[in-house]
Trainee: 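One structure coming up, written as structure tokens, with questions to follow.
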Protein chains: 2
Amino acid sequence: MKFDDKIPIYYQIKTYLYHAMLTGKLQPGAQLPAVRQLAVDLTVNVNTVQRALAEMITEGTIVSQRGKGNFVTEDQARLAQLKETLVMSQLAQVYRQLHALNLSDTEIVASLQRYIEHREGQVDDKSIND
Amino acid sequence: MKFDDKIPIYYQIKTYLYHAMLTGKLQPGAQLPAVRQLAVDLTVNVNTVQRALAEMITEGTIVSQRGKGNFVTEDQARLAQLKETLVMSQLAQVYRQLHALNLSDTEIVASLQRYIEHREGQVDDKSIND
DNA sequence: TATAGTGTAATAGTTAAATAGAACACTAGG
DNA sequence: CCTAGTGTTCTATTTAACTATTACACTATA
């Protein structure tokens with residue numbers, strides 16, 4: 001997997017797993033791939049995977065069962081909250097950045113609409129089961 | 001200045017200066033604060049400032065004159081191109097992330113509009129002359 | 001010509017992220 | 001009981017970013 005070298009890998013792994021959990025690729029209660037398998041799939045070290053998982057366990061978005069595996073929480077409210085948080089942080093960031101470039105509220109929305117209309121040839125993938 | 005510890009400081013300094021250049025706080029041709037002064041203002045090391053500036057010099061967005069100072073380029077076309085690049089990368093990122101969370105094009109625009117309508121009590125600052 | 005203010009470069013030390021490798025702890029199933 | 005498959009922890013090493021400090025190069029001006 002390709003990572004943005006401006007952001008810690010463990011952090012990008014969290015984002016990757018969040019997306020899998022919030023798009024149905026990993027249903028509530030589902031078992032995650034084994035940490036060693038994830039390390040192979042993502043071409044990173046086991047400890048780096050573990051660091052990402054440790055934070056997610058602390059947050060309660062995944063549940064760890066020693067000897068059995070890691071599982072997506074069944075607490076759907078928590079998952080909904082997670083999605084809300086991720087969406088909001090993205091919106092806040094793009095708004096802050098574009099506003100800092102002197103774009104008005106109207107221009108920000110308009111530029112996003114234009115971007116969506118004119119973008120082309122994008123890939124959509126994201127697979128946790130290859 | 002407060003930095004996001006998930007992103008290299010020198011990179012955030014570039015963003016900071018770009019914003020100043022693209023919002024009129026630093027006009028085309030204007031002299032930047034001295035590197036040692038910037039280091040004090042941003043509470044970072046001179047070398048970190050220098051690293052950010054070095055990349056900007058390579059890009060041609062600022063021009064260095066040894067013994068005199070660093071200056072914003074007078075090439076307005078380049079500045080316009082810089083702004084376009086920054087705006088586009090922001091839009092691409094928010095679109096990619098929200099799309100990865102299964103939001104449709106329509107939902108992405110709607111969520112941004114909702115965010116802008118309901119956000120409250122934000123600060124807008126950004127000062128290169130305090 | 002001396003001095004102060006600029007950018008530039010080099011060296012050395014610190015820290016956090018990531019890696020490699022090993023070991024330990026628990027679970028399930030033969 | 002043993003073994004294979006899990007998660008967990010630890011130590012050591014490497015690398016990149018950042019810092020601290022010093023020195024050097026150039027410009028303007030008194």
Side-chain angles (χ1 to χ4, degrees), chain A residues 1-18 20-21 26-27 29-74 128-129, chain B residues 1-18 20-21 26-27 29-74 128-129:
Chain A
M1 175 165 170
K2 17 119 202 87
F3 294 100
D4 180 345
D5 65 4
K6 295 289 186 307
I7 304 174
I9 294 177
Y10 80 90
Y11 200 81
Q12 298 180 64
I13 293 175
K14 285 179 68 176
T15 300
Y16 169 78
L17 292 175
Y18 282 154
M21 293 161 59
L26 282 176
Q27 296 280 336
Q31 180 169 10
L32 275 67
V35 289
R36 290 172 183 79
Q37 187 58 48
L38 272 177
V40 171
D41 294 348
L42 304 177
T43 59
V44 298
N45 188 272
V46 178
N47 296 320
T48 308
V49 173
Q50 189 63 26
R51 173 161 184 183
L53 295 182
E55 292 195 359
M56 297 173 76
I57 291 165
T58 300
E59 296 164 357
T61 50
I62 68 172
V63 177
S64 171
Q65 290 188 257
R66 196 188 188 102
K68 300 177 74 175
N70 293 306
F71 301 84
V72 179
T73 182
E74 308 209 12
I128 196 154
N129 8 271
Chain B
M1 176 167 170
K2 17 107 199 100
F3 293 101
D4 180 345
D5 65 6
K6 296 288 186 308
I7 304 173
I9 294 176
Y10 78 89
Y11 200 81
Q12 298 180 62
I13 293 175
K14 284 179 68 176
T15 299
Y16 169 78
L17 291 175
Y18 282 155
M21 292 161 59
L26 282 177
Q27 296 280 336
Q31 180 169 7
L32 275 67
V35 289
R36 290 171 183 79
Q37 187 58 46
L38 273 177
V40 171
D41 294 348
L42 304 177
T43 59
V44 297
N45 188 272
V46 177
N47 295 322
T48 308
V49 172
Q50 189 62 28
R51 174 161 184 182
L53 295 182
E55 292 195 1
M56 297 173 76
I57 291 166
T58 300
E59 296 163 358
T61 51
I62 66 173
V63 177
S64 171
Q65 291 188 256
R66 198 186 186 103
K68 299 177 73 174
N70 292 307
F71 301 84
V72 178
T73 181
E74 308 208 12
I128 195 151
N129 10 271

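Sequence lines set the chain letters: A, B, ... in the order given, protein chains first and strands last, and positions in each chain run from 1. Just so it is clear, the model here is predicted, and its values are computed rather than measured.
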Trainee: Do any side-chain nitrogens or oxygens of B:T48 fall under 4.0 Å of OP1 or OP2 in D:dA17?
Mentor: no

Trainee: Okay, side chain of A:Q12, backbone of A:I7: is any donor-acceptor separation there less than 3.5 Å?
Mentor: yes

Trainee: Hey, is OH on A:Y11 packed in by over 12 heavy atoms from elsewhere, all under 6.0 Å?
Mentor: no

Trainee: Could you tell me whether A:V44 contacts a base, only the sugar-phosphate backbone, or nothing, with contacts defined as non-hydrogen atoms closer than 4.0 Å?
Mentor: sugar-phosphate

Trainee: Find which nucleotide of DNA chain C each of A:Y11 and A:G67 is nearest to by heavy atoms, and output the residue with the more 5' nucleotide.
Mentor: A:Y11

Trainee: Whole angstrom is fine here: how far is it from CG in A:L42 over to C1' in C:dA17?
Mentor: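 Checked: the CG to C1' distance equals 16 Å.
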
Trainee: C:dC24 C1' sits how many Å from A:R66 CZ, rounded?
Mentor: 7 Å

Trainee: Name the nucleic acid region contacted by A:D5, choosing base, sugar-phosphate or nothing; use a 4.0 angstrom heavy-atom cut-off, strictly under.
Mentor: nothing

Trainee: Answer yes or no: side-chain N or O of B:R36 and base N or O of C:dG5 forming a donor-acceptor pair under 3.5 Å.
Mentor: no

Trainee: OP1 or OP2 of C:dA18 less than 4.0 angstrom from a side-chain nitrogen or oxygen of A:N45, does that happen here?
Mentor: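 No, outside the criterion.
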
Trainee: Can you tell me the distance, in whole Å, between the CD1 atom of A:I7 and the P atom of D:dA16?
Mentor: 18 Å

Trainee: Write down the distance between CG (B:L32) and C1' (C:dG7), rounded to a whole number of angstrom.
Mentor: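 Distance, rounded to whole Å: 12 Å.
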
Trainee: Does the side chain of B:I62 come within less than 4.5 Å of B:M21's, by heavy atoms?
Mentor: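 Answer yes - side chains close enough.
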
Trainee: Please name the pair of heavy atoms, one in A:I57 and one in A:S64, separated by the smallest distance, quoted to 0.1 Å.
Mentor: CD1-CB, 3.6 Å

Trainee: Report which part of the nucleic acid A:N47 touches: base, sugar-phosphate, or nothing (heavy-atom distance under 4.0 Å, all strands).
Mentor: base

Trainee: Think A:K68 has a side-chain N or O under 4.0 angstrom from the OP1 or OP2 of C:dA28?
Mentor: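 Answer yes for this pair, as a side-chain N or O of A:K68 is under 4.0 Å from OP1 or OP2.
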
Trainee: Report the nucleotide, chosen from C:dG7, D:dT19, D:dT8, that has the shortest atom-to-atom distance to any side-chain atom of B:A34.
Mentor: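 Looking only at side-chain atoms, B:A34 lies closest to C:dG7.
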
Trainee: Residues of residues 49-62 of chain B with any non-hydrogen atom less than 4.0 angstrom from an atom of DNA chain C: list those, numerically ordered, please.
Mentor: B:Q50

Trainee: Please name the residue in the list A:T48, A:T43, A:N47 that meets the side-chain hydrogen bond (donor to acceptor under 3.5 Å, both in side chains) test with A:N45.
Mentor: A:N47

Trainee: In whole angstroms, how far is the P atom of C:dA17 from the NZ atom of A:K6?
Mentor: 17 Å

Trainee: For B:Q31 and B:K68, indicate whether the former's side chain and the latter's backbone hold a donor-acceptor pair under 3.5 Å.
Mentor: yes

Trainee: Which is it for A:M1 and A:V44 under the side chain to side chain contact (heavy atoms under 4.5 Å, CB included) test, yes or no, and what are the steps along the way?
Mentor: CA-CA 9 Å; A:M1 175 165 170; A:V44 298; over 6 Å; no

